[in-house]
Amino acid sequence: MPNPVLPPPSLRLTVDSSALAANWQALDRLSGTASAGAAVKADCYGLGVAACVPVLRDAGCTAFFVAHWSEVAGVTAHVPPQQVAVLHGVANEAECAYARAVGAVPVICSLEQAKLWTSTGGGLCHLMVDTGINRLGISVSDANHVEISSLDVDLLMSHLASADEDSPMNQRQLSAFSAVRAMIPHRRASLANSAGIALGAVYALDLTRPGIALYGGVPRAELAGAIRPVARVQAAILQTRHLSAGDSVGYNATFTAPASMRVGTLSMGYADGFLRVRGPGNAFGHAGRRLPILGKVSMDMIVVDLSAAPDLAAGDWLDVPWDIAVAAQQNALSPYEMLTVIGQRLRAR
Ligand SMILES: *Cc1c(COP(=O)(O)O)cnc(C)c1O
């Protein structure tokens, strides 16, 4: 039996490659003498490793960050393994063995991890120092520990907790990190995430690690002019219907047609990051025409008013309102959450 061919989807997420490349280049320029890497964890913040990593590579990026070992193979399919860093480091011998077998580089995050990495054979690694975010990383007070001086550190890293705010914490973390840099031998130093790049050249050091801004998020106003939207989301009309005056739409019948009208049903909803709260007042679009959402987003169905677009029929593609900042605010999510809740269905090709 031949493999069945998957029919085309009725939802699509398109990554604008030129916008993604331009965002990386803009962040690389804003990093001054430092070069920009790329945080590609969480499947490139929901936009898809396969769509994004080759674009970042071709734009000139040579440092990629993932969180889990399970994310490595997807990235090394496109870039050399020694350019891939794993932010969670190594928790056990199996992860050390995997790191050495594939050639990706662990970000050592504790004295225990340092000891484990050395005792299983050592080799080049990165090192995370905690300067105040208290997630992962060795303490500043452990910088002179023998387990740390035994490491062969390429990137010495720390992470800013509040770079998206004008907080005195930024300066405090920079100072703490500067002190640590003098204590631990390393080849390169890295502190700034996307928002940190906007804090200025003193934060950029040798390598910056933008994530959200690559994908169109604007964590600080200074970046607004430099960052372009990357994700375009579209949904196809599944069917059109005629409503008579008095007919209602969706869960709880919250919309009632005031007169006879033509509507279209789209297959999109909660699982696609389109939460119920985004229904009222929102509209889909087609060639500049506004097609208001009628009634509640009902699980994975949305009904729109086609009065402004009588030419549209089943199969036609509508633009989903997907400005990250606006959509995030409507969902009461941060832009990070907004991007990463984009469901698998949107990425189905
Ligand atoms: C996710 C992450 C980044 C990217 O941060 P953004 O705020 O998305 O730019 C950088 N460094 C580390 C250690 C991270 O975990």
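Note that ligands are numbered from 1 as they come in the structure, with each ligand's atoms numbered from 1 the same way. Keep in mind that the numbers below use all heavy atoms, side chains included, and drop hydrogens, waters and symmetry copies.
Under 4.0 Å is where a charged nitrogen must lie from a carboxylate oxygen, and between Asp319 and Arg290 no such pair does. The pair Asp154-Arg188 counts as a salt bridge, with a side-chain nitrogen and a carboxylate oxygen less than 4.0 angstrom apart. For the pair Arg135 and Asp130, the salt-bridge criterion is not met [side-chain N within less than 4.0 Å of a carboxylate O].
The 4.0 Å heavy-atom shell around ligand 1 contains residues Ala39, Lys41, Tyr45, Leu87, Met128, Arg135, His159, Asn193, Ser194, Arg209, Pro210, Gly211, Ile212, Tyr336, ordered by chain and number.
Taking the salt bridge (charged side-chain N to carboxylate O under 4.0 Å, His left out) definition, one finds that Arg262 meets it with nothing, sequence neighbours left out.
Within the hydrophobic cluster formed by Ile, Leu, Val, Met, Phe, Trp and Tyr side chains joined at under 4.5 Å, directly or through other members, Val303 is accompanied by Leu243, Val249, Phe255, Met261, Val263, Leu294.
Sorted by first and then second residue, the salt bridge (charged side-chain N to carboxylate O under 4.0 Å, His left out) pairs with a member in residues 303-314 read Arg289-Asp311; sequence neighbours excluded.
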